[in-house]
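Read the structure below first, then the notes.
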Amino acid sequence: AQSVTQLGSHVSVSEGALVLLRCNYSSSVPPYLFWYVQYPNQGLQLLLKYTTGATLVKGINGFEAEFKKSETSFHLTKPSAHMSDAAEYFCAVGLSGANSKLTFGKGITLSVRP
Amino acid sequence: KAGVTQTPRYLIKTRGQQVTLSCSPISGHRSVSWYQQTPGQGLQFLFEYFSETQRNKGNFPGRFSGRQFSNSRSEMNVSTLELGDSALYLCASSLDGVSYGYTFGSGTRLTVV
């Protein structure tokens, strides 16, 4: 079975500050890992994904995440927050094949203070 | 290219009724998945269809069903609606499943009164 833990439900940062959203996963097999962002009244937009290969993954809008197998983590970072980054962020772990599905964390709401 | 299209965007139904939601995936994508999003339970997997066959199913009652057509378009049906079925229902399409990643639609907001 897979699971995702996103500690805390809300993170607040100042504009221009570092954004760090934490994600830990549990998976019995090498996982596929994803970060999605959701703006109010919208669907999920893919920020980045880890499948295989390089452990530092760069995504859209300046976000990146590092896959650390030893720590079972896939934390999302952005060097400098913008007001437009305010949204809800979801980390997800996936299995492929016959059990293909995504298991999501509870999500973290990011607020950006001017 | 066009994204994932879900219709309708909003629905209001009465308890006991049934509802059908529609999803048109990205052209060429063969996998369509459905998720339910609620404030209390978060995002939960309903089922996945691949080339017209249900490939995987989540832990939802039999009132929730779906199907996929030969053009990959998918429908989800919920019968005998309950108040707790009020949620945002999201459809996601993929070329082949998790390894390719999923593109989500904007969702259908279902309210059961």
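Within every chain, numbering begins at 1; the chains are lettered A, B, ... in the order of the sequence lines, protein sequences first and strands thereafter.
A side-chain donor-acceptor contact under 3.5 Å links B/Glu48 and B/Ser31.
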For residues 43-60 of chain A, run the donor-acceptor check on the side chains, cut-off 3.5 Å, and write out each pair with its distance to 0.1 Å, sequence neighbours left out.
residue	atom	partner	partner atom	Å
A/Lys49	NZ	B/Tyr100	O	2.9
A/Lys58	NZ	A/Glu64	OE1	2.8

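Of the listed residues (B/Leu43, B/Val4, B/Leu88, B/Thr103), the greatest number of heavy-atom pairs within a distance under 4.5 Å of chain A belongs to B/Leu43.
Residues B/Asn56 and B/Phe45 form a side-chain contact, since some pair of their non-hydrogen atoms from C-beta on lies under 4.5 Å apart.
Of the two parts of B/Ser99, the backbone and the side chain both hold a non-hydrogen atom closer than 4.5 Å to a non-hydrogen atom of chain A. For a residue to count as touching a neighbouring chain, one of its non-hydrogen atoms must lie under 4.5 Å from one of that chain's; by this rule B/Gln44 does not touch chain A. Neither the backbone nor the side chain of B/Phe50 comes within contact range of chain A; no heavy atoms are under 4.5 Å apart.
In this pair, A/Phe104 and B/Phe104 present their aromatic rings perpendicular. The plane angle is above 60°, beyond the 30 to 60° band.
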